[in-house]
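Just the heavy atoms: all of them, side chains too, but no hydrogens, waters or symmetry mates, feed the values below. Predicted, not measured: the structure shown is a model, and the values here were computed from it.
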Amino acid sequence: MSNYFSAYFPQTLYVLGDGKKQATNITLRFIVRDIIKKRSFVYYSYSIQDGDRPDTIAAKYYGNSNYDWIIMIVNDIFDVNYDWPMDSYRFEKYLRDKYGSVAAAKSQVNRYEKIIKEGGQDEFGNPQKRKTVVIDKNTYDQTSLSKRLEISAYEYERDLNESKREISILDKFYLGQILEEAEDIFE
């Protein structure tokens, strides 16, 4: 997000304590996000790979790394440290910091689930996800082996991290229109 704030956001004078301070008015970000999301633009699905960053994806798709803010706004990414998937090295470090080791994360139970509906395929051959509900330990112990799951801390953290990998990318055909509308808002 190299020049997103400096290039597009107006400065506002704030009174803080006993003095005045000039700061960037970031509240306009939400207006831009709403405009982009409400339009019926064409989006493409993209799976984030290890090493990808918003600026590298923007450079690849739009030819300019400074459009990383468009990648972030389209996908409601506010902080790349939390909303962007970790690469394998950072993920393992995160597990070690939080659980002591990867092995400890794999051995610690995060939650218990009961299988409500098995996955598989529908009548058209489309894959269907397994449906589960979170249950307590007592209910888990009373549930048949074939209908219960024990989810480890490792599985929970992995699934949470992986859920951040699928993003949408705005078709570059509409980039000019978005930039014009953003400039109009910020003026």
Side-chain angles (χ1 to χ4, degrees), residues 1-6 24 26 29-30 32-33 36-37 43-121 126-172:
M1 305 227 352
S2 51
N3 73 345
Y4 174 55
F5 290 109
S6 61
T24 302
I26 63 169
R29 176 194 196 280
F30 300 103
V32 174
R33 184 196 68 203
I36 292 172
K37 292 191 127 251
Y43 297 97
Y44 297 101
S45 295
Y46 181 78
S47 183
I48 298 170
Q49 305 300 309
D50 278 3
D52 280 343
R53 298 185 320 263
D55 62 320
T56 60
I57 294 172
K60 186 188 315 182
Y61 282 91
Y62 305 131
N64 187 334
S65 63
N66 290 331
Y67 296 148
D68 53 356
W69 62 272
I70 293 174
I71 302 289
M72 295 182 69
I73 284 178
V74 166
N75 293 285
D76 289 331
I77 296 170
F78 297 97
D79 185 340
V80 291
N81 294 314
Y82 298 101
D83 300 333
W84 197 260
M86 294 175 266
D87 62 26
S88 54
Y89 174 78
R90 281 187 51 223
F91 180 68
E92 286 189 16
K93 182 182 180 328
Y94 169 78
L95 292 176
R96 286 192 304 276
D97 291 348
K98 186 170 182 178
Y99 299 99
S101 69
V102 174
K106 288 181 177 181
S107 66
Q108 183 177 328
V109 175
N110 175 271
R111 68 178 182 273
Y112 302 100
E113 294 181 351
K114 180 177 181 179
I115 300 170
I116 303 300
K117 182 181 175 191
E118 286 292 344
Q121 296 181 338
N126 299 317
Q128 300 294 304
K129 282 188 169 183
R130 175 189 304 174
K131 296 189 190 279
T132 63
V133 293
V134 176
I135 56 176
D136 61 39
K137 176 74 165 114
N138 269 349
T139 306
Y140 174 82
D141 291 338
Q142 296 171 13
T143 303
S144 69
L145 292 173
S146 65
K147 293 289 185 185
R148 68 185 191 182
L149 297 170
E150 188 177 87
I151 307 300
S152 71
Y154 176 86
E155 292 170 304
Y156 168 76
E157 299 287 359
R158 180 201 61 210
D159 292 348
L160 184 61
N161 190 54
E162 291 304 308
S163 71
K164 299 173 185 177
R165 289 206 181 275
E166 298 305 315
I167 63 170
S168 297
I169 297 179
L170 177 71
D171 187 317
K172 68 180 174 181

For this session: Answer whether the closest heavy-atom distance between the side chains of Pro54 and Val80 falls below 4.5 Å.
Result: yes

For this session: Mark yes or no for whether Asp52, through its side chain, and Ile57, through its backbone, hold a donor-acceptor pair below 3.5 Å.
Result: no

Exercise. For the residue pair Tyr67 and Tyr62, does the interplanar ring angle fall in the parallel (under 30°), tilted (30 to 60°) or perpendicular (over 60°) class?
Worked result: perpendicular

For this session: Assess whether atom NZ of Lys131 is packed by more than 12 heavy atoms of other residues, nucleotides or ligands within 6.0 Å.
Result: no

Exercise. Is it true that a side-chain atom of Asn75 and a backbone atom of Ser168 form a donor plus acceptor pair closer than 3.5 Å?
Worked result: yes

For this session: Kindly state whether the ring of Tyr46 and the ring of Tyr61 have centres lying under 6.0 angstrom apart.
Result: yes

Exercise. Do Tyr99 and Lys106 have side chains that get closer than 4.5 Å, going by heavy atoms?
Worked result: no

Exercise. Side chains of Asp97 and Lys93: closer than 4.5 Å at any heavy-atom pair?
Worked result: yes

Seminar exercise, completed: Distance col, row Arg165:CZ vs Gln49:CD, nearest 0.5 angstrom, shows 7.0 Å

Problem set entry | Interatomic spacing from CG in Asn64 to NZ in Lys172 - rounded to 0.5 Å | 12.0 Å

Exercise. Does Lys164 reach the main-chain N or O of Tyr82 with its side chain, forming a donor-acceptor pair under 3.5 Å?
Worked result: yes

Seminar exercise, completed: Value for CG (Asn81) from CG (Asp79), rounded to nearest 0.5 Å, stands at 4.5 Å

For this session: Mind checking the CE-CD spacing from Met86 to Glu162? Nearest 0.5 Å is all I need.
Result: 9.5 Å

Problem set entry | Distance, nearest 0.5 Å, that separates CZ of Phe91 from CG of Asp50 | 11.0 Å

Exercise. Could you give the distance from CG (Asp55) to CG (Asp68), rounded to the nearest 0.5 Å?
Worked result: 5.5 Å

Exercise. Any side-chain heavy atom of Lys147 sitting closer than 4.5 Å to one from Thr132?
Worked result: no

Exercise. After noting the C-alpha distance and the side-chain angles of Leu149 and Arg130, does the key distance pass the side chain to side chain contact (heavy atoms under 4.5 Å, CB included) rule?
Worked result: CA-CA 11 Å; Leu149 297 170; Arg130 175 189 304 174; 3.1 Å; yes

For this session: Report yes if some heavy atom in the side chain of Arg148 is under 4.5 Å from a heavy atom in the side chain of Tyr112; otherwise report no.
Result: no

For this session: Side-chain contact test, heavy atoms from C-beta onward, threshold under 4.5 Å: evaluate it for Asn110 versus Glu155 and give yes or no.
Result: no

For this session: Given side chain to side chain donor-acceptor pair (under 3.5 Å), test Tyr94 with Glu157 step by step and report yes or no.
Result: CA-CA 10 Å; Tyr94 169 78; Glu157 299 287 359; 3.2 Å; yes

For this session: Please tell me if the side chains of Asp83 and Met72 come closer than 4.5 Å, counting only heavy atoms from C-beta onward.
Result: no

Exercise. Hey, does Ile169 have a side-chain heavy atom less than 4.5 Å from the side chain of Val74?
Worked result: no

Exercise. What is the minimum heavy-atom distance between Ser152 and Ala105, and which atoms define it?
Worked result: CB-O, 3.8 Å

For this session: Step through the shown structure and confirm whether more than 12 heavy atoms of other residues, nucleotides or ligands are within 6.0 Å of NZ on Lys114.
Result: no

